[in-house]
Amino acid sequence: MSAQTSKKEKVDLIVSGGTVVTMDGTRTVYDDGAVAVKGDSIVAVAPRIEIDAKYAAVQVVDAKGKLVLPGFINGHTHVPMTLLRGLHDDVTLDEWLRKYIFPAEAKNVTEEFVRWGTRLAAAEQIRGGVTTFADMYYFEDAVAEETKAAGMRGVLGETFIDFPAPDNKTNAVALDYTEKFLKRWQGDPLIHAAAAPHSIYTCSKKTLQDAAALARKYNAPILIHVAEMKKELDDSRAQNGTTPVQYLDKIGVLGPDVVAAHCIFVDETDRQLLAQKQTGCVHNPSSNMMLASGVSPVPELRAAGVAVGLGTDGPAGSNNDLDLMEEMDLAAKLQKITKMDPRALGAQSVVEMATIEGAKALHMEKEIGSLETGKKADIILIGLDAPNAVPMYDIYAQLAYALKGSDVQTVVIGGRIVLRDHKLLTVDEPAAIAKAREYKTKVAASLGMEK
Ligand SMILES: [Zn+2]
């Protein structure tokens, strides 16, 4: 080693070369940039020549000719439901829930089911460049263990619902389970344990308030579906005399620790209230279209100052995949067609929603969402050599409208390489795929379906 090299600061990893799209405050892009990583965090983002002069790395990832971005953030999903993907689509939400999903969950959802579903979802999400996801399901402690094992970052909420769930049969048991869950994961670098009261239409006022109070005792986030159906709005007006958003505020649940999925039926007063309370919103265009729920006023929410992220929802019945790049494309196009104006929501805005705005919606913008010194090293490399990737006139347009999840080549989460040149390093993917097929036979038989 030369004298000059030894003077350089030692780091663990350098992602070197390529077009670094930082998503920082001024949306800096380095045409030939580099990212230096120490432990699980970024120590520097700069032109490659500057990084090369200052740092020496144990490991170098060559990003020449690729796009380098902060990892994508899937702000709303139910990952174990990968195992129910495509169970029965093209029916109304009510029929789908009553005739298929609730019976299938009652007969099949166990801790083992949740583990395999989470492994499958981790493989799918990592391959598509998702490094952080927010989840609402049952046996969430097992979801957390599998998420950590896959090396992913998760905001994971144990569901509260006013009927016997597959794991906790009463709300008293759910509170007890969730308290242990929140305690166990405090301070974990990857897992943010959360409480997830399902919605105002499945939870009583007491259930909502109890779940929120428990989360707040541990400074944990609160995940909830909000204003996702016209019926929810109509019922809330009839029963609570106000909108879902204003009802949640009235009972003390709305706040800067809440992540509200959907926010479709939100009027101007609701939007101002969401902004004032610093509540995050997550838009799920595939789900809203597939279930014909309605169109969230995303440009109006953003204009009011609300942080709006993007989610896949699903993956069963309301999507059916976990491809966040598809959501970027659909989010933009859904606004354009709804408003009959191609300027309604643009490419850069939806890339922001998948990264830095998504981080704000999850209240994690100090930790993730951009490539900046001090943030977690969640970095993805996207190839630009496929036919659909050339030529590239505009980076954001390419990301939103041309590139696909399958163009993601390498993924780093918290400084650890979890996907290298399309090779998954942290999940036994063949085993997860085989298990998914086994569960299909089992679930179909439990519902008396053919084959
Ligand atoms: Zn959902």
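Ligands are counted one by one from 1 in listed order, and the atoms in each one are counted from 1 as well.
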- Query: Heavy-atom distance under 4.5 Å between the side chains of F133 and L324, does that happen here?
  - Reply: no

- D313: its N/O/S atom lying closest to the Zn ion (ligand 1) (atom name): OD1

- Angle subtended at the Zn ion (ligand 1) by NE2 of H76 and NE2 of H78, to 10 degrees? 100°

- Closest non-hydrogen atoms of S318 and M290, given as atom of the first, atom of the second and distance, are C-SD, 3.8 Å

- Does H262 bring an N, O or S atom to within less than 2.8 Å of the Zn ion (ligand 1)? no

- So, Y201 versus E228: side-chain donor-acceptor pair below 3.5 Å or not? yes

Donor-acceptor contacts, no H, no angles, side chain residues 144-157, under 3.5 Å, sequence neighbours left out:
| from | atom 1 | to | atom 2 | distance (Å) |
| --- | --- | --- | --- | --- |
| E145 | OE1 | R115 | NH1 | 3.0 |
| E145 | OE1 | R115 | NH2 | 2.7 |
| E145 | OE2 | R184 | NH1 | 2.8 |
| E145 | OE2 | R184 | NH2 | 3.0 |
| E146 | OE1 | R119 | NE | 2.8 |
| E146 | OE1 | R119 | NH2 | 3.4 |
| E146 | OE2 | R115 | NH1 | 2.7 |
| E146 | OE2 | R119 | NH2 | 3.0 |
| T147 | OG1 | V143 | O | 2.7 |
| K148 | NZ | D188 | OD1 | 3.3 |
| K148 | NZ | D188 | OD2 | 2.9 |
| R153 | NE | D378 | OD2 | 2.8 |
| R153 | NH1 | P189 | O | 2.9 |
| R153 | NH2 | D378 | OD1 | 2.8 |
| R153 | NH2 | D378 | OD2 | 3.4 |

- Message: Let me check your reading of the structure: within less than 2.8 Å of the Zn ion (ligand 1), is there an N/O/S atom from E228?
- Response: no

